[in-house]
*Asks:* 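This structure is in structure tokens; I'll ask about it shortly.
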Amino acid sequence: MTNSQAVLTQVRANKRSLRAGLLRWFDHVKRDLPWRRTQDPYAIWLSEIMLQQTQVDRVVPYFERFLARFPTVKDLARAPLDEVLAEWKGLGYYSRARNLHAAAKTIVAEHRAKLPADHAALLALPGFGRYTAGAVASIAFGLKTPLVDGNVARVFARLFVIEGAAGDTQRDELLWSVAERLVEGERPGDFNQALMELGATVCIPNTAPLCLLCPLAKQCGALHAGRVTELPAPKKAAARKSLALAVAVARRKSSVLLARRVDTGLFGGLWELPSTELGADGAASLTGLLGARAKVGAELEVVERTLTHRDLTLHLFPVTLPEKLTAPPAGYTDWRWFEPAEVEGLGISSATRAALDVA
DNA sequence: AATGCGTGGTT
DNA sequence: TAACCAAGCAT
């Protein structure tokens, strides 16, 4: 018998008591979160997208503002992408906002402005992966669809002593098989949320899971084996790469020149100070970007930002340009002079915010 | 399969 | 303080 089969046998044997214990616990201790006060599939979808790789406390105010600004799928679908990105400003992973907007348009065009209550149809929408399709299908529509996120993976790894790190195909498929078997039953949406809630509040990472508070402690393989702190196995993080940029600070009276990035890749669709990779010849990089009409002065400031996979270093240079702008530079779809008050309403990254604050 | 994609708080 | 962390998706 393989290790996976042993795990699934254990799942089958303990399913009833695990489900009952977890749901009873969830009903008592679940947090009062805004997206748990609604049954609107659109709002639940929005919460799931915002919560990807983002902590609950940080999402709450964005969720409230976004729903107030775009109350329905139709409102979202007919809004310009720039306004959607402006609401997303500072939340990170901006492709989520671009995909959300694109999916809203598809839902209006092909699903009569209602999210489809169908796992496969959800999975086909932009920004829906295996997790999000399972989450929306179960939480919004009550379908018995499994989900595995970082929390669930940690809970299962400990509960059933599942070895391996995230990204290990065999291990990840086993986690989904476990989830698929356990979600089969009453209240699938609550059950999935209970698993995640347990991982987020009790079966937490690092050295101190709160096992004394865990409703599943009696059945936990890692706890019995004294291996709670060593499961799940850590995944090796990829080394960050350095990216040095030459950044143009062009001012004209009270306004500043900003450019809108193309809709793909890093900070896609956001506005920023025009910039390009800093070459060995320093400030000359900006002449290459902006043309010979641009007069580049001595470096003003250096701003450092750390992203998950990048160490950004922004070298800010003063630039003078003619007021009348020609076509936007490479990598940008548009550029314009903005008054300071106008900048507040734009989609900009935190890195751009930091650069504007010191420039 | 591995990499790119943000942010701010915690350790 | 550098490393790690949080309800993943797209390519």
Side-chain angles (χ1 to χ4, degrees), chain A residues 30-31 33-36 44-63 85 88-100 102-103 122-140 146-155 164-173 175-176 179 189 191-201 203-208 232 234-241 243 261-270 272 304-312 347-354:
Chain A
K30 67 178 175 185
R31 292 169 289 179
L33 301 172
W35 44 89
R36 289 184 176 158
I44 291 167
W45 167 38
L46 176 65
S47 76
E48 289 302 335
I49 301 300
M50 285 188 165
L51 285 162
Q52 289 171 11
Q53 305 290 287
T54 309
Q55 285 164 340
V56 166
D57 288 349
R58 188 154 179 73
V59 166
V60 170
Y62 280 89
F63 176 81
L85 289 171
W88 209 270
K89 169 179 52 180
L91 197 55
Y93 284 140
Y94 298 94
S95 66
R96 294 182 297 174
R98 300 195 302 269
N99 286 331
L100 183 76
L122 290 170
L123 200 50
L125 294 167
F128 277 80
R130 200 173 180 182
Y131 164 80
T132 305
V136 172
S138 62
I139 298 170
L147 61 76
V148 176
D149 73 333
N151 290 310
V152 177
R154 185 169 54 254
V155 169
D168 175 331
T169 306
Q170 297 254 10
R171 179 252 194 193
D172 290 347
E173 282 312 310
L175 293 174
W176 279 93
F191 176 74
N192 281 337
Q193 290 191 77
L195 275 176
M196 294 191 283
E197 188 85 348
L198 186 69
T201 62
C203 195
I204 56 181
N206 302 322
T207 54
K235 178 183 167 66
K236 284 192 285 261
R240 274 194 300 276
K241 296 175 182 174
L243 182 60
R261 294 178 67 98
V262 295
D263 284 329
T264 57
L266 185 63
F267 302 134
L270 301 186
E272 67 179 17
E304 311 235 25
R305 303 291 299 183
T306 305
L307 315 182
T308 302
H309 293 286
R310 297 281 187 181
D311 282 322
L312 292 184
I348 62 172
S349 68
S350 293
T352 293
R353 166 51 62 197

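Source: prediction; values computed, not measured. Per chain, numbering begins at 1; letters A, B, ... match sequence-line order.
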*Asks:* Using the P atom on both, measure dC5(B) against dA6(C) and round to a whole Å.
*Replies:* 22 Å

*Asks:* Would you kindly compare Asn99(A) and Trp35(A) by the position of their nearest DNA chain C nucleotide and give the one closer to the 5′ end?
*Replies:*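 Its nearest nucleotide lies further toward 5', so the answer is Trp35(A).
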
*Asks:* Is there any protein nitrogen or oxygen under 3.5 Å from a nitrogen or oxygen in nucleotides 1-3 of chain B, and what are the pairs?
*Replies:*
from	atom 1	to	atom 2	distance (Å)
dA1(B)	OP1	Thr169(A)	OG1	3.0
dA1(B)	OP2	Thr169(A)	OG1	2.8

*Asks:* dC9(C) P sits how many Å from Leu123(A) CG, rounded?
*Replies:* 9 Å

*Asks:* Please report the closest heavy-atom contact between Asp172(A) and Ala165(A), naming both atoms and the distance.
*Replies:*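 Closest pair (atom of Asp172(A), atom of Ala165(A), distance): OD1-O, 4.4 Å.
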
*Asks:* Is the backbone N or O of Gly269(A) less than 3.5 Å from a side-chain atom of Arg98(A), with the two atoms forming a donor-acceptor pair by type?
*Replies:* no

*Asks:* Given the P atoms of dG8(B) and dC9(C), what is the spacing between them in whole Å?
*Replies:* 23 Å

*Asks:* Without swapping roles, check the side chain of Arg240(A) against the backbone of Asp311(A) for a donor-acceptor pair under 3.5 Å.
*Replies:*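 Judged by distance alone, no pair lies under 3.5 Å.
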
*Asks:* Could you give the distance separating dG6(B) and dC5(C) at their C1' atoms, to the nearest angstrom?
*Replies:* 13 Å

*Asks:* Tell me the interatomic distance from Lys236(A), atom NZ, to dA3(C), atom C1', rounded to whole angstroms.
*Replies:* 16 Å

*Asks:* If you look at every strand shown and take non-hydrogen atoms under 4.0 Å, does Arg154(A) touch a base, only sugar-phosphate, or nothing?
*Replies:* sugar-phosphate

*Asks:* Going by number, which of residues 129-137 of chain A have a non-hydrogen atom under 4.0 Å from DNA chain C?
*Replies:*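 Contacting residues: Gly129(A), Arg130(A), Tyr131(A), Thr132(A).
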
*Asks:* Using a heavy-atom cut-off of 4.0 Å across all strands, would you classify Leu243(A) as base, sugar-phosphate, or nothing?
*Replies:*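 The residue Leu243(A) makes no contact with any strand.
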
*Asks:* Could you report the tightest heavy-atom contact between Ala97(A) and Leu85(A), atom names first, then the distance?
*Replies:*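 Smallest interatomic distance, heavy atoms only, reads CB-CD2, 3.9 Å.
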
*Asks:* Can you check side-chain contact (heavy atoms from CB on, under 4.5 Å) on Leu307(A) and Phe267(A), steps first, answer last?
*Replies:* CA-CA 12 Å; Leu307(A) 315 182; Phe267(A) 302 134; 4.2 Å; yes

*Asks:* Do Glu173(A) and Arg130(A) meet the salt-bridge criterion of a basic N to acidic O distance under 4.0 Å?
*Replies:*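 Yes, charged N to carboxylate O under 4.0 Å.
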
*Asks:* Using a strict 4.0 Å threshold on nitrogen-to-oxygen distance, state whether Arg353(A) and Glu272(A) make a salt bridge.
*Replies:*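 Salt bridge between Arg353(A) and Glu272(A), a charged N being under 4.0 Å from a carboxylate O: no.
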
*Asks:* Specify the separation, in whole Å, of atom CG of Leu312(A) and atom C1' of dC5(B).
*Replies:*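 Nearest whole value for this atom pair: 12 Å.
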
*Asks:* Can you find a heavy atom in the side chain of Gln53(A) that is under 4.5 Å from one in the side chain of Tyr93(A)?
*Replies:* yes

*Asks:* Does Tyr62(A) reach the main-chain N or O of Lys89(A) with its side chain, forming a donor-acceptor pair under 3.5 Å?
*Replies:* yes

*Asks:* Figure out the CG/P separation between Asp311(A) and dC5(B), and round it to whole Å.
*Replies:* 13 Å

*Asks:* Phe128(A) CZ to dC9(C) P: how many Å, rounded?
*Replies:* 10 Å

*Asks:* If every non-hydrogen atom of Met50(A) is compared with every non-hydrogen atom of Leu91(A), which pair is closest and at what distance?
*Replies:*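 Heavy atoms only, the tightest pair is CG-CD2, 4.0 Å.
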
*Asks:* Spell out, as yes or no, whether a donor-acceptor pair under 3.5 Å connects the side chain of Thr352(A) to the backbone of Ser350(A).
*Replies:*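 No, because the side chain of Thr352(A) does not come within donor-acceptor range (under 3.5 Å) of the backbone of Ser350(A).
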
*Asks:* Any base atoms under 4.0 Å from Pro126(A), or only sugar-phosphate, or nothing? Heavy atoms, all strands.
*Replies:*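 Sugar-phosphate: the residue Pro126(A), judged by heavy atoms under 4.0 Å, touches backbone atoms but no base.
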
*Asks:* Summarise protein proximity over nucleotides 6-11 of chain B in one line of letters, 5' to 3': B for base, S for sugar-phosphate only, - for none, counting protein heavy atoms closer than 4.0 Å.
*Replies:* BBB---

*Asks:* Contact class for Arg31(A) vs. all strands (heavy atom < 4.0 Å): base, sugar-phosphate, or nothing?
*Replies:* base

*Asks:* For a quick check of understanding: with a heavy-atom distance under 4.0 Å over all strands, which category does Trp88(A) fall into, base, sugar-phosphate or nothing?
*Replies:* nothing

*Asks:* May I ask you to decide if Leu243(A)'s main-chain N or O and Arg310(A)'s side chain share a donor-acceptor pair within less than 3.5 Å?
*Replies:*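 No, Arg310(A) side chain to Leu243(A) backbone: no donor-acceptor pair under 3.5 Å.
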
